[in-house]
Amino acid sequence: MASATISFQPSAPAAWQEKPSQAFRGADPASEFEDANLHSRSSNAPVAPDGPDAFAGMIGSSEAIQRVKKQVRTVASTDSTVLLEGETGTGKELVSRAVHELSQRKNRALIKFNCAAIPHGLLESELFGHERGAFTGAIARKLGRFELADQGTLFLDEVGEIPLELQVKLLRILQEQEFERLGGTQTLRVNVRLVAATNRNLAAMVSDQQFRSDLFFRLNVFPIRVPALRERTEDIPLLADHFLKEYSRRMDKPIDTIPQSTVERLKQHPWPGNVRELQNFIERAVILTTGSILNAPLGDLKTPAGAEPMPAVTLREAESSHILKILRETNWVLGGPRGAALRLGLKRTTLVSKMRKLGLSRPVPGVAL
């Protein structure tokens, strides 16, 4: 019997997100979860070392994805907190499910919750529940996600979006496994394994005082970095073929071939939206195709401005590029009110010294620098 999976965010296509076997109303403050029985089997039941569907959806044979699977197998049998880091669309939710399916909690509930999908004012109620009358509209007691995940696993996506004032309560439940519902006085205890995910740099947020350092260290017990699609381009043909079969079946179209030229173009694209972007592209291509050979709209593969990551440059390269730009704009005039030195905020002698160190010299007429 598969574990109960409850998702509190918009459903993704089947090839990307598994279908929930049970469902509750999402963010309705008045919804009631009392006496929710999500535990279908004993958590002491034996667990296969590598369940047949544990890595379902994690398509690929690259070294990067194999490393992720190895880390999942290593940590799954423990109750340690896992922090999944990576860009949006890389498949962090699939990794969280694999952690759950390979754990001793696999026959208990896997509760999924997207912290960015709920207004900040409702987050505390959604995570920890509330008592009747706790606020206007609270007409019944409501169980929060931590109670629903008792004895199971809670996946908190976009954990970096949790406001500072609520992070203290989250830290307490992670350390003590106890909390109070909003508007309640009774201390409740739960046994929950937490898997958190973020596409933000939590360490940088700590430095900027946007995220509590103690909570960050508590979440960062076992970090797993989920690679971007551009870091595992050898998996693109496998993923494209997987999505082609899925959408061809759904749309009842006999498409069975992706031209090699299309595959090569897909491998060259940076995919800022990662696997989710590739999936959507293949779906669009299947819609447009009338024959048995995929007719992909390759002209649509244009990276939005600012979406493609800039290549790293050294400080020396950046300085040289900037000085050269100013020298060209001033026609290589170094001093005076219209000279490059003044525009760069340098003395003329300092600019000359920098030019020598960087190997910059006025080009020979007719030869571009």
Side-chain angles (χ1 to χ4, degrees), residues 3-11 20-40 43 79 81-84 93 96-97 99-100 103 105 108-198 211-212 214-215 218-219:
S3 58
T5 303
I6 299 91
S7 179
F8 296 88
Q9 55 186 359
S11 297
S21 58
Q22 300 184 39
F24 291 100
R25 286 181 293 173
D28 180 5
S31 62
E32 184 174 356
F33 298 100
E34 276 199 288
D35 300 322
N37 180 14
L38 303 176
H39 309 319
S40 54
S43 59
D79 274 338
T81 300
V82 177
L83 178 61
L84 305 178
E93 184 175 324
S96 74
R97 191 193 65 184
V99 171
H100 177 73
S103 74
R105 299 171 182 262
R108 301 290 187 166
L110 168 60
I111 305 294
K112 300 177 181 181
F113 182 73
N114 190 324
C115 300
I118 302 296
H120 284 184
L122 294 176
L123 265 179
E124 182 174 4
S125 171
E126 293 298 319
L127 289 174
F128 305 106
H130 64 246
E131 298 289 352
R132 179 179 179 180
F135 52 84
T136 303
I139 60 175
R141 171 187 289 174
K142 172 182 175 179
L143 305 188
R145 305 313 195 250
F146 276 95
E147 283 184 87
L148 294 173
D150 190 20
Q151 304 300 320
T153 304
L154 176 61
F155 172 55
L156 288 185
D157 199 5
E158 305 294 352
V159 71
E161 302 300 325
I162 297 178
L164 282 167
E165 60 271 17
L166 192 55
Q167 292 178 21
V168 180
K169 194 166 183 177
L170 179 59
L171 178 64
R172 179 192 173 198
I173 196 170
L174 293 180
Q175 291 179 334
E176 308 296 336
Q177 296 278 288
E178 62 181 30
F179 67 101
E180 290 85 34
R181 297 192 191 103
L182 185 62
T185 57
Q186 180 184 4
T187 298
L188 305 171
R189 294 192 61 84
V190 290
N191 183 345
V192 173
R193 199 262 181 87
L194 182 70
V195 178
T198 181
F211 202 85
R212 291 181 62 95
D214 46 7
L215 178 57
R218 187 63 185 80
L219 292 173

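All residue numbers in this chain count up from 1 along the given sequence.
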> Do Leu156 and Val195 come within less than 4.5 Å of each other through their side chains, counting heavy atoms only?
Replying inline: no
> Is the backbone of Ala116 close enough, under 3.5 Å, to the side chain of Glu158 for a donor and an acceptor to pair up by distance?
Replying inline: no
> Shortest non-hydrogen contact from Arg108 to Gly152?
Replying inline: CB-CA, 3.7 Å
> Is there a donor-acceptor pair under 3.5 Å between the side chain of Asp150 and the backbone N or O of Asn191?
Replying inline: yes
>> Nearest 0.5 angstrom please: Ile173 CD1 to Leu127 CG, how far?
In response: 8.5 Å
> Atom CD of Glu180 and atom CZ of Arg172: how far apart are they, to the nearest 0.5 Å?
Replying inline: 4.0 Å
>> Using modelled atom types and a 3.5 Å cut-off, is there a donor and acceptor pairing between side-chain atoms of His130 and backbone atoms of Leu143?
In response: no
>> If you compare all heavy atoms of Ala134 against all heavy atoms of Gly183, which two are closest, and at what distance to 0.1 Å?
In response: CB-CA, 3.9 Å
>> Would you compute the distance between atom CG of Leu110 and atom CZ of Arg105 and round it to the nearest 0.5 angstrom?
In response: 11.5 Å
>> Evaluate Phe128 against Leu188 for side-chain contact (heavy atoms from CB on, under 4.5 Å), listing each step before the verdict.
In response: CA-CA 10 Å; Phe128 305 106; Leu188 305 171; over 6 Å; no
>> Is there a side-chain contact (heavy atoms from CB on, under 4.5 Å) between Phe155 and Arg97? Walk through the geometry before answering.
In response: CA-CA 8 Å; Phe155 172 55; Arg97 191 193 65 184; over 6 Å; no
>> For Leu166 versus Ile162, what's the shortest heavy-atom pair and its separation?
In response: CB-CG2, 4.0 Å
> Roughly how far apart are Arg218 CZ and Arg212 CZ, rounded to 0.5 Å?
Replying inline: 14.0 Å
>> Could you go through Leu219 and Phe211, starting from their C-alpha distance and side-chain angles, then the distance that decides it, and tell me whether this counts as side-chain contact (heavy atoms from CB on, under 4.5 Å)?
In response: CA-CA 12 Å; Leu219 292 173; Phe211 202 85; 3.9 Å; yes
> What are the two closest heavy atoms between Leu84 and Ser96, and how far apart are they?
Replying inline: CD1-N, 3.8 Å
>> Apply side-chain contact (heavy atoms from CB on, under 4.5 Å) to residues Thr153 and Val99 and explain how you reach the verdict.
In response: CA-CA 9 Å; Thr153 304; Val99 171; 5.8 Å; no
> Any donor-acceptor pair under 3.5 Å linking the side chain of His100 with the backbone of Ile111?
Replying inline: no
> If you take all heavy atoms of Asp157 and Ala197, which pair is closest and at what distance?
Replying inline: OD1-CB, 3.5 Å
> Between CD of Gln177 and CG of Leu194, what distance do you get to the nearest 0.5 Å?
Replying inline: 9.0 Å
> Is the backbone of Glu176 close enough, under 3.5 Å, to the side chain of Arg189 for a donor and an acceptor to pair up by distance?
Replying inline: yes
> Can you tell me how far the CZ atom of Phe146 sits from the CD atom of Glu126, to the nearest 0.5 Å?
Replying inline: 13.0 Å
